[in-house]
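A short write-up of the structure that comes next.
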Amino acid sequence: MSEYNHRAIEPKWRKSWKDNKTYKVTEDTNKEKFYVLDMFPYPSGAGLHVGHPLGYIASDIYARYKRAQGYNVLHPMGYDSFGLPAEQYAIQTGQHPANTTEINIDGCLDSNGNIHTKYVLENGDIIHSALIDKSLKTNIKDSNYRDNIIIGYRNQLDQIGFSFDWSREVRTSDPKYYKWTQWIFKQIFNSWYNKSTDKAENIADLVAIFEKEGNANVNAVGEETPVFSAEEWNAWDIKKQRAILMNYRLAYLADSWVNWCPALGTVLANDEVKDGVSERGGHPVEQKLMRQWSMRITAYAERLLQGLDKIDFSDSLKEQQKNWIGKSQGASVKFEVRCSMFEVEESQTPNPKPQTPNSEHKTPNQIEVFTTRPDTIFGVSFMVLAPEHPLVNLITTPEQKDAIEAYQKQASLKSERDRQSDVKNITGAFTGAYAIHPFTGNKIPVWIGDYVLASYGTGAVMAVPSGDQRDWDFATHFGIDIPNVFEGVDISKGAFAEKEGLIANSDFLNGLKVKDAIKKAIHAIEEKGIGTGKTNYRLRDAIFSRQRYWGEPFPVYYQDEIPYLIEDADLPVTLPEVDKYLPTEDGEPPLARAENWFYKAASPTGEGKGGVDSRMEFNTMPGWAGSSWYFLRYMDPHNENEFASKDKLEYWNQVDLYIGGAEHATGHLLYSRFWTKFLHDRGFISFDEPFKKLINQGMILGRSSFVYRLAKSVGATSSIEDGKKDILPMSEVPDVFVTKRFYDIRNIVLSHQNQYTKEDHEARKEYTRYCEIVNKLEDRITEKLKLKYPDKIGSVDYCYTDISPMPIHVDISLVDNDILDIEAFKSWREEYKNAEFILEDGKYICGHEVEKMSKSKYNVQTPDELVEKFGADTLRCYEMFLGPLEQFKPWDVKGINGVNNFLRKLWRLFHQGESFNVSNEVPSKEALKTLHKTIKKISEDLDRYSFNTVVSTLMIAVNELTEQKCNNQNILEGIIILLAPYAPHISEELWEKLGHTNSITQANWPTFDPAMLVEDDFEYPVSFNGKMKFKLLLPTSLNPKEVEEEVMKFEKTIQILEGKSPKKVIVVPKKIVNVVV
RNA sequence: GCUCGAGUGGUGGAAUUGGUAGACACGCAAGACUUAAAAUCUUGUGUCCACUAGGACGUGCGGGUUCAAGUCCCGCCUCGAGUACCA
């Protein structure tokens, strides 16, 4: 066996690793730990394409590298297995999502490659949940039925040779796992956020305070709650007490405006909505007021922001989180409102309450606003309220009532999306009411307008048209005053929004710089008692309910519509069986279909009694629930008493390296940081950031191939009188495909219609030539058709002159090096079997384009076929070799041969002819130099996560050793240890052949010895005025002065200087010489 | 619009702190082996001029700092990502 044969080597070692549990890891306090984690996947039936394993390969390499360095490495994998696709499929087919999820993960084939009988019907048809393409009926008698069978995520992953400790696998949909998701929910429910200690605390402590002294001194994050005394609290019944506590809980039930997606039948979190449509599926989303569970993530806004400084995430990701949190500093100010209606309407309570978590106490005759520019308060010439603002109905004068109501109605009909796309359209209505300027006493009109959002700040703004473009536009549109409060600035064309310059026309702020004016203004506002300095966040509380089936049930039941928690002993609350996975007729979530779903246990704590009046919660938790803490469960995945033991949590601690896609920037990565901080606050874990270092892998894009089809039509050339009846059917006319050159040349000719450069002339000539070929072909086709269908009317007409040839995606498997396999293409589709081709140099050249990989573009490359053809080691190296991990890059199979050649070349270093052949002689100085510079470079590269350059370095090493004809055992052993993280199978095989009985995964990373790289000579590049002219080999022992002398003596120097003497000579030892002339 | 990131041969990319631009690989071309093909090996390959020696230009564009700039600074252009009435 002298040739490298991955088909023999790779299965052998994968079996060995499995049998010997090579990658099983236990807590070993003698070793330093290292935790390498991948974002776990949602297991879809479509399986993996080459883009998916990219991050897993990188993390696997890093895990293996750290292991070789002596770390105890935790490197687990699992599945985020709750999710929409399985549920949508369940709705369509009635299949339980647990079944399809299992199929997608485990696959349908046994170890011999035969389908499990449970997926085969009596007549041999395969049940369609086992098929990748569900629309294709497939029978086990079909010769290639395996092509359409789900291989299973796990099987696909296993082929690539990852070093995951699979004994730690978790699945979020496994009741053993979600038991603890529910348990964590209970902790969050039973917690409140104490602003004084700046952390989450047990709600029982809060109850104790209420019982003792009421809530007057409680400084908590939560809904506005009227002050009550201990006596009042103690006198209330449990229902009332529970209702009050809901204002404080970190997981709370409230009526909130939510993103309702009718097509999906559920609400979505803000990060699940993109451009006004759902991220998954692109369905429209509307605002709806619903009773929902929410998580009070806003309590953590500041800590989530500050925590970013402690963690190593990319700048762009930190930036995204910062924007999402959206901190802004300024002041909140109250404006008095004068309105004759007040006396009449004052007693009425406003409703419905908008979602304004930050709003302070308001009496009905005040409008509270938030501003970041209190320095411009003298520039206020009107106020604007959001149309939904509760004050609007109270302050509107009778004369304006109709106009206001009409506007409110119009605004409420607009979806979020319409509002966004309608930014330029300025709309609003005057309420008839006036506010009083707190400093000037001027009357300022109060308007409503939908450019003010009900959900941000207080839902109202003080409009400063001179300093804010939106206010300026509004004022200009409605003819409102624009008082200028900036010194020497022209505001006739637009607002001046810069935070620079001096303030003018502003009484006590005149002549101050913006920064100073802000301070002074806040001071004055506070002194007057009309407001305070304030910080606002854009971050909203996270909606935690989903009206779906396939998610974690809440550990919650209701009595008198008050929620109570299920006892720990009764966890997990498992998903009940339902007849359909759809909402009920009255719009309740699918879980409401479950029969007799009540909490039957009597509660020992006396809160809620259980029984048939204790219905369970019908909502389920969102996708991010299970993924917010899974990295903790890997530490102790089988623990039945705790989510993970304290010791193990302490040992494994934070994730040292986390790799995954950037699409989770504001979802998963923010939520898991939030839960980690919460668990830290409540003393369950010792750290408050989950991920120390994060790398976002870039997407691998597909390289699509195109063929160009000419437009065709069938025209009637003869009349009916000729005795011919039917018109020739279009499908009988063969398609004509032109090569890429025709397409290009046509575009060139058309884009330069009136220019007659030489190139254009050439292009025209070439184009004419092509057109003639097309004409001839057309004649030939017409003749053929006439013979075949003598009694039909019509001739073919190719519209190459006025209709552009149409680029059509063609399956990349039919194209090699842009050359189309014409025969394969003809049999690809029935409609192409008679197709004709216009070639160039006898070949059909396809066009290409880089786009996202997708089935519909026929550019998907699966790892399976590459593993089959080249081996997993080649695939692993190639995916890394492609370019920097973070970068988006096109997939192109062409280069994979080069990487495969490298492994074969490496194999040959160990062999001579047919036999394995390594020597035990003392290695040459050269070979040692090659080895040690490789050790140095690879270690440095891996330390900075430069995965691609490592492959090049290994190639260089192998090239050099081949050149040196080195087959020295010591050297080659070093090289394969360095290679092992990238190509573990071949390394294990060669390691074994070198006589080792242990696994190469136990070998130590070689140590770099600088002495091996010491050189006697250095080849100095000598440049003149910075331009390199020649190289000169000089002893490294020379000092700069001596180097200069040697250079000046050298004949080429004298030649270049032409007798002139240099102004200066710069010598950087062992780097460069620069002669300045 | 705002924020962040990126622009280097025919292609993917390398150049880590300012110090030989284009490593490594693909592709292409020529040659060797072969009846032939595949595989393998050898050589060449930034552009232009000279086609030998050599010279000029060259990292999106324009300027600057420096003995020296892909790398630092200023101003633009293009592409990508995120975000968008956030007061």
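Owing to the predicted nature of the structure, the values given are computational and were not obtained by experimental measurement. The chains referred to below are lettered A, B, ... by the order of the sequence lines, with proteins before strands, and numbering in each begins at 1.
Rounded to whole Å, the distance from CD on E1044(A) to P on C67(B) is 16 Å. Rounded to whole Å, the distance from CZ on R538(A) to P on C85(B) is 9 Å. The distance between atom CE of M955(A) and atom P of A23(B), rounded to the nearest whole Å, is 14 Å. Taking atom CG on N900(A) and atom C1' on A38(B), their separation rounds to 15 Å, with Å as the unit. At whole-Å resolution of the value, CE in M1028(A) and P in G46(B) are 14 Å apart. When the C1' atom of A38(B) is taken as reference, atom NZ of K869(A) falls 13 Å away, rounded to whole Å. Residue E940(A) contributes atom CD, which lies 12 Å from atom P of A15(B) at whole-angstrom precision. One atom, CG of D473(A), and another, P of G1(B), lie 16 Å apart when rounded to the nearest Å.
Of the nucleotides present, G46(B) is the one that pairs with C57(B) by Watson-Crick or G-U wobble criteria, both distances under 3.5 Å. Using N1 to N3 plus N6-O4 or O6-N4 for Watson-Crick, or N1-O2 and O6-N3 for G-U wobble, each under 3.5 Å, A87(B) pairs with nothing. A 3.5 Å limit on both hydrogen-bonding distances identifies no Watson-Crick or G-U partner for G70(B). When both pairing distances are held under 3.5 Å, U16(B) makes no Watson-Crick or G-U pair with any nucleotide shown. Pairing of G31(B), defined by two Watson-Crick or G-U wobble distances under 3.5 Å, is identified with C41(B). With a cut-off of 3.5 Å on both Watson-Crick or G-U wobble distances, the partner of C2(B) is given as G82(B). Summarising the base pairing, G10(B) is matched to C26(B) through a Watson-Crick or G-U wobble pair whose two defining distances lie under 3.5 Å. Under the Watson-Crick or G-U wobble criterion, with both distances below 3.5 Å, U52(B) has no partner in any strand shown.
Ranking G5(B), A14(B), A23(B) by closeness to the S952(A) side chain, first place goes to A23(B). When distances are taken from the side chain of K894(A) to each of C26(B), U16(B), A23(B), the shortest belongs to C26(B). Distance from the side chain of E319(A) is smallest for C4(B) among the nucleotides C24(B), C4(B), U16(B). Side chain of R904(A), nearest nucleotide from G13(B), A23(B), U40(B): U40(B).
Regarding contacts with the backbone of C41(B), every side-chain N or O of N901(A) stays at 4.0 angstrom or more from both OP1 and OP2. Side-chain N/O atoms of N959(A) include one lying less than 4.0 angstrom from OP1 or OP2 on A25(B). One finds no side-chain N or O of R908(A) lying less than 4.0 angstrom from the OP1 or OP2 phosphate oxygen of U40(B). OP1 or OP2 of A87(B) sits under 4.0 Å from a side-chain N or O of S328(A). Remark: Q887(A) is in phosphate contact with G13(B), judged by side-chain N or O atoms under 4.0 Å from OP1 or OP2. Of the side-chain N and O atoms in K1029(A), one or more sit less than 4.0 angstrom from OP1 or OP2 of A56(B).
Ring centroids of F382(A) and F474(A) are separated by less than 6.0 Å, placing the two rings close together. Aromatic ring centres of F870(A) and Y878(A) lie farther apart than the 6.0 Å criterion allows.
Using a cut-off of 4.0 Å between Lys/Arg side-chain N and Asp/Glu carboxylate O, K929(A) and E960(A) are scored as not salt-bridged.
At a threshold of 4.0 angstrom between heavy atoms, the contacts of L882(A) are confined to the sugar-phosphate backbone, with no base atom among them. When heavy atoms are screened at a 4.0 angstrom cut-off, K322(A) is found touching no nucleic acid atom at all. As judged by a 4.0 angstrom heavy-atom cut-off over every strand, V1068(A) is placed among the base-contacting residues. Residue N1074(A) is in base contact, counting any heavy-atom pair closer than 4.0 Å across all strands shown. Counting any heavy atom pair closer than 4.0 Å across all strands shown, E1019(A) reaches no nucleic acid atom. Residue F881(A) is in base contact, counting any heavy-atom pair closer than 4.0 Å across all strands shown. Backbone-only engagement by N948(A) is indicated by non-hydrogen atom pairs under 4.0 Å involving sugar-phosphate atoms exclusively.
Classified by interplanar angle (parallel below 30°, tilted 30° to 60°, perpendicular above 60°), the ring pair W447(A)/F478(A) is tilted.
Taking 90° from 0 as the syn/anti boundary, the base of G9(B) is oriented syn.
A542(A) meets the side-chain contact (heavy atoms from CB on, under 4.5 Å) test with M295(A), I297(A), W624(A), Y671(A); sequence neighbours excluded. Residues passing the ring-ring contact (aromatic ring centres under 6.0 Å, His included) test with F335(A), sequence neighbours excluded: none.
I1072(A) places none of its side-chain heavy atoms less than 4.5 Å from the side chain of Y1020(A).
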- Task: Kindly determine whether S952(A) and T949(A) satisfy side chain to side chain donor-acceptor pair (under 3.5 Å), including the steps that lead there.
- Result: CA-CA 5 Å; S952(A) 311; T949(A) 50; over 6 Å; no

- Message: Run the salt bridge (Lys or Arg N to Asp or Glu O under 4.0 Å) test on R944(A) and E940(A) for me, step by step, so that the C-alpha distance in whole Å, both residues' side-chain angles and the decisive distance to 0.1 Å come before the verdict.
- Response: CA-CA 6 Å; R944(A) 67 191 171 100; E940(A) 282 170 3; over 6 Å; no

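Listed by residue number, the members of residues 461-470 of chain A with any heavy atom below 4.0 angstrom from RNA chain B are V461(A), R470(A).
Sequence order on RNA chain B of the closest nucleotides to P884(A) and K1071(A) puts P884(A) first from the 5' end. When each of I1066(A) and S946(A) is assigned the nucleotide of RNA chain B bearing its nearest heavy atom, the one mapping closer to the 5' terminus is S946(A).
With 3.5 Å as the limit, one finds no donor-acceptor pair spanning the side chains of K852(A) and N859(A).
Between the side chain of K937(A) and the base of U16(B), a donor-acceptor pair under 3.5 Å is found.
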